[in-house]
Amino acid sequence: MRTIAFVTQKGGSGKSTLASSLAVAAKDVGERVCVIDLDPQASLLSWRKTRKATDIGVIPANIGKLPAVLKELAKKGVTLAIIDTPGADGAASMAAMREADLNIIPSRPSIFDLWASAQTRAALKTTNSDFVFMLNQCPPAQQSARVDAAIEALEEMGGMISPLVLARVDYQEAARHGLGVTEINPHGAAAVEMRALWSSIKRRLARAATKPATRKAA
Ligand SMILES: Nc1ncnc2c1ncn2[C@@H]1O[C@H](COP(=O)(O)OP(=O)(O)OP(=O)(O)O)[C@@H](O)[C@H]1O
Ligand SMILES: [Mg+2]
């Protein structure tokens, strides 16, 4: 089982939105997915309750239970665990960071988000965990100078994963109905983004697995 975590000190960057649509996109291509909700706001537990299908489990957990929950999921044959974390709770983020094979730090292309991303990166460095940044909620005009500057800043801080995710109504509509964007609009641009994001993450996980010294060396 591989474990990924969405982490960032910044609230509202899109952790829960991306975690839910990515869970569905990965399930679509054969992963057995379980989401672990570490956030007391429980956004993804609510998403699961709205969802009619029982194909993706969502489990609430706290910091103390997280390692045991992950062990249990691996035993049950889950192939991908996705951890959603609260925006401001440093302890929960740190627990997720330590457990994840790959941490994903979503950031909007705004200076406040980029500063928060730098703080998250500093926390990640102390846990010696693998991480990658991604840009979410980018404006539709892709060539904006603001997006270019954000890409440059995140590349300098440790690297970005593709694709750029744009601000799109599909993300909000899918979440509202307990769906992923690949379900609510399978041929839409958001669905294309989420499939591409899962492919990038999968490649990155495979690469990390062949280089064990790059993560969790402690
Ligand atoms: N790509 C996107 N396009 C459009 N809206 C988005 C996108 N990503 C996130 N949003 C919206 O931004 C808001 C914040 O997203 P979300 O709740 O997923 O962030 P979060 O990082 O989980 O926040 P918190 O830290 O509070 O848990 C929500 O209203 C969500 O619908
Ligand atoms: Mg959230």
Side-chain angles (χ1 to χ4, degrees), residues 4-25 35-51 56 58-63 66 82-97 100 103-110 112-117 119-121 123-124 131-142 144 146-147 150-151 154 160-185 188-198 200-201:
I4 61 176
F6 283 90
V7 293
T8 164
Q9 258 90 344
K10 190 78 183 165
S13 57
K15 298 179 290 295
S16 305
T17 302
L18 294 167
S20 53
S21 269
L22 184 73
V24 175
V35 175
I36 298 163
D37 198 343
L38 279 191
D39 188 352
Q41 276 185 75
S43 308
L44 291 186
L45 275 175
S46 304
W47 174 79
R48 170 66 189 85
K49 281 178 195 151
T50 314
R51 186 174 176 80
I56 296 173
V58 179
I59 298 179
N62 57 36
I63 304 169
L66 183 61
I82 302 179
I83 308 176
D84 186 29
T85 64
D89 181 350
S93 292
M94 294 295 280
M97 287 172 190
N103 289 278
I104 300 164
I105 312 167
S107 173
R108 286 165 294 203
S110 82
F112 293 143
D113 273 48
L114 293 170
W115 286 335
S117 296
Q119 286 173 10
T120 307
R121 172 180 174 265
L124 275 157
F131 65 89
V132 73
F133 295 97
M134 65 172 287
L135 274 178
N136 184 32
Q137 304 187 53
C138 295
Q142 288 211 24
S144 102
R146 189 157 60 87
V147 172
I151 292 171
L154 295 178
M160 264 189 59
I161 202 158
S162 62
L164 293 184
V165 174
L166 270 58
R168 301 186 190 278
V169 173
D170 277 359
Y171 288 102
Q172 304 190 356
E173 281 301 294
R176 195 162 74 85
H177 291 98
L179 299 171
V181 290
T182 50
E183 294 171 318
I184 201 155
N185 186 1
V192 173
E193 284 171 352
M194 281 305 102
R195 290 187 196 107
L197 180 63
W198 172 239
S200 297
I201 291 170

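One-based numbering, in listed order, for ligands and for the atoms of each.
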Exercise. Counting heavy atoms only, which of R176, R168, Q137, K10 comes nearest to atom 6 (C) of ligand 1?
Worked result: Q137
For this session: State if A175 counts as touching ligand 1 under the rule of any non-hydrogen atom under 4.0 Å.
Result: no
Exercise. Looking only at heavy atoms, is any part of N136 under 4.0 Å from ligand 1, and if so is it the side chain, the backbone, or both, or is it neither?
Worked result: side chain
For this session: In sequence, state the C-alpha distance, the side-chain angles, and the governing distance for D84 and S16, and then conclude on side-chain hydrogen bond (donor to acceptor under 3.5 Å, both in side chains).
Result: CA-CA 6 Å; D84 186 29; S16 305; 2.6 Å; yes
For this session: Tell me whether T85 has at least one N, O or S atom under 2.8 Å from the Mg ion (ligand 2).
Result: no
Exercise. Between the candidates T17, D170, V169, which shows the shortest non-hydrogen contact distance to atom 18 (O) of ligand 1?
Worked result: T17
Problem set entry | Check: G11 N/O within less than 3.5 Å of ligand 1 N/O | no
Exercise. To the nearest 0.5 Å, how far apart are CG in N103 and CD1 in I83?
Worked result: 8.0 Å
For this session: Take every heavy atom of S43, measure it against each atom of ligand 1, and state whether any distance is under 4.0 Å.
Result: no
For this session: Run the numbers for me: atoms of ligand 1, each under 4.0 Å from some heavy atom of Y171, listed by number.
Result: 1 (N), 2 (C), 3 (N)
Exercise. Any non-hydrogen atom of T8 lying under 4.0 Å from ligand 1?
Worked result: no
Exercise. Looking only at N/O atoms, are G12 and ligand 1 under 3.5 Å apart anywhere?
Worked result: yes
